[in-house]
Amino acid sequence: MINTIFEILPKHIKNIMLKVNPRIINELEEIRIRVNQPIILRTHEDEFGIWNNGICATGKGYIATKMDVDGILKFASGFSMYAIEDELRSGFITVAGGHRIGVVGKAIIDNKNLKTITNISAINIRIAREVIGSANKIIPYIHKNKRICNTLIVSPPKCGKTTILRDIIRNLSNGETLGRSFTVGVVDERSEIAACYMGIPQNDLGMRTDVLDAAPKAEGISILLRSMSPEIIAVDEIGRDEDYKAIFDALIVGVSIICTIHGNNLEDCYNKPLLKDMLDKKLFEKIVILSNRPKVGTVNSIIDL
Amino acid sequence: MNTFGIILIVVSCTMCGFAYDMNEKKRVLQLDELFLGFNLLKSEIEYKLTPLIEALREVAIQSEHGVDKLFSMYAEKLEQKDEINTKKMWKTTLNEVQATLRLKDEDFKLLESFGTISSHFDREVQHNNITWLLESLKEQKDNANDLYEKRNKLYKSMGILVGLSIVILLI
């Protein structure tokens with residue numbers, strides 16, 4: 001999977017990265033590239049600069065140029081900046097392998113709306129990893145009376161909620177842990193779960209999974225309900241009012257919902273008015289709280305509502 | 001022996017006339033194909049938001065008369081990711097296919113503008129850029145076609161006439 005990251009790096013940076021210790025590459029979480037600043041590799045516990053022979057102290061590493069940043073964006077978009085204009089507006093693009101490239105630069109405002117971001121000055125490549133089997137222990141807890149409970153996965157950023165959600169989808173779709181499979185519909189608004197390329201999932205989401213790529217969650221859920229008759233709908237990072245309303249529509253027609261949300265604990269969920277209302281009505285049955293201590297993807301607790 | 005020489009001169013001059021005519025005809029066909037190809041590319045880019053490399057491949061499949069090579073070679077160059085500058089890569093591709101196409105210098109000059117298509121422009125600028133290229137290509141192809149319609153018989157008969165003139169002069 002990390003190879004897809006190397007493919008979007010300019011040749012000279014790629015050559016340096018190939019000399020970095022494979023152990024560090026395997027633990028890599030982020031690559032931060034800022035114009036006129038050293039490139040920084042970040043693992044869960046440490047950070048490094050890069051130099052000719054691999055890694056070095058952060059401040060002494062290779063200094064990225066504007067050309068490097070432009071090159072990465074061109075390679076990442078397949079020389080098709082027009083194709084990522086909408087994604088760029090949300091501040092990040094998703095590349096093959098599901099890796100997310102966050103960008104900052106000069107925002108262009110048109111009619112009080114963000115039109116696009118130009119003069120991109122810094123990018124953050126967040127490495128996505130499929131961790132097959134990471135959800136094996138969670139599955140039995142979200143299964144009750146031969147159906148999957150409506151489940152909310154809560155975690156702060158970088159605690160592995162997308163990875164866990166992806167593995168739950170794959171597991172349920174293939175019927176691995178429960179011995180019974182489900183038809184799963186996925187609305188992958190940010191292309192992070194399935195990492196679709198030209199509409200085809202690059203990540204393994206199981207044989208009974210239908211992916212609606214790049215669609216807004218609210219519209220995507222209605223489309224899936226109408227067209228693919230899923231038993232389970234999975235979405236990542238809900239947050240807008242229309243997301244809650246669409247989930248509510250799906251819940252009342254009897255489809256199981258598995259979704260993720262940013263937050264540290266259950267209290268954070270109760271601080272969101274629409275979500276609080278749904279929790280009060282017991283529309284969600286299980287809340288899975290994740291953390292990154294001692295490691296990413298640690299299940300802190302599974303709460304029954 | 002004299003008769004054989006006369007026949008040889010007339011036949012070779014006639015063939016030169018036909019070859020010149022064929023050359024001009026190919027230019028018209030290739031400009032036609034380029035116009036269709038860029039139109040298809042415009043649709044792929046604007047309506048389907050197909051990444052440029054895939055869009056070029058699609059256009060290459062549907063093009064002929066040597067124009068397919070231009071699109072497929074550019075797609076190949078982009079895929080290699082050896083270079084960031086698309087304008088430079090497009091120009092290199094044009095230089096590489098120049099010998100296989102029957103286009104004139106003015107046609108290649110026009111095509112060069114396509115190199116900026118994948119630079120850091122928004123969709124609106126991309127649209128204007130490719131629309132301008134299509135309009136210019138249409139004008140170029142119409143002019144080439146008109147010229148060919150007017151002169152194709154001339155090219156063919158000119159060969160025979162030149163051949164006969166040489167023979168008369170020699171006799």
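Note on naming: letters A, B, ... go to the chains in the order of the sequence lines (proteins, then strands), and numbering restarts at 1 for each one.
Taking each heavy atom of B/I84 and A/M67 in turn, the nearest pair found is CD1-O, 3.7 Å.
When the heavy atoms of residues 6-34 of chain A are compared with those of chain B, the residues falling under 4.5 Å are A/E7, A/K11, listed by number.
Annotation: ring pair (Phe, Tyr, Trp, His ring centres under 6.0 Å) contacts of B/Y20 (sequence neighbours excluded): B/Y155.
B/L49 contributes atom CG, which lies 9.5 Å from atom OG of A/S80 (distance to the nearest 0.5 angstrom). Between the NZ atom in B/K81 and the CZ atom in A/F79 there is a gap of 7.5 Å [rounded to 0.5 Å]. Rounded to the nearest 0.5 Å, atoms CE (A/M81) and CG (B/L52) are 12.5 Å apart.
In this structure, B/E46 and A/Y82 have side chains that are not in contact, with every pair of non-hydrogen atoms separated by 4.5 Å or more.
Residue A/D68 does not touch chain B at all, counting heavy-atom pairs closer than 4.5 Å. With a 4.5 Å cut-off on non-hydrogen atoms, B/E54 touches chain A through its side chain but not through its backbone.
Heavy atoms of other residues, nucleotides or ligands lying less than 6.0 angstrom from CD of B/Q98 number more than 12. More than 12 non-hydrogen atoms from other residues, nucleotides or ligands lie less than 6.0 angstrom from CG of A/N52.
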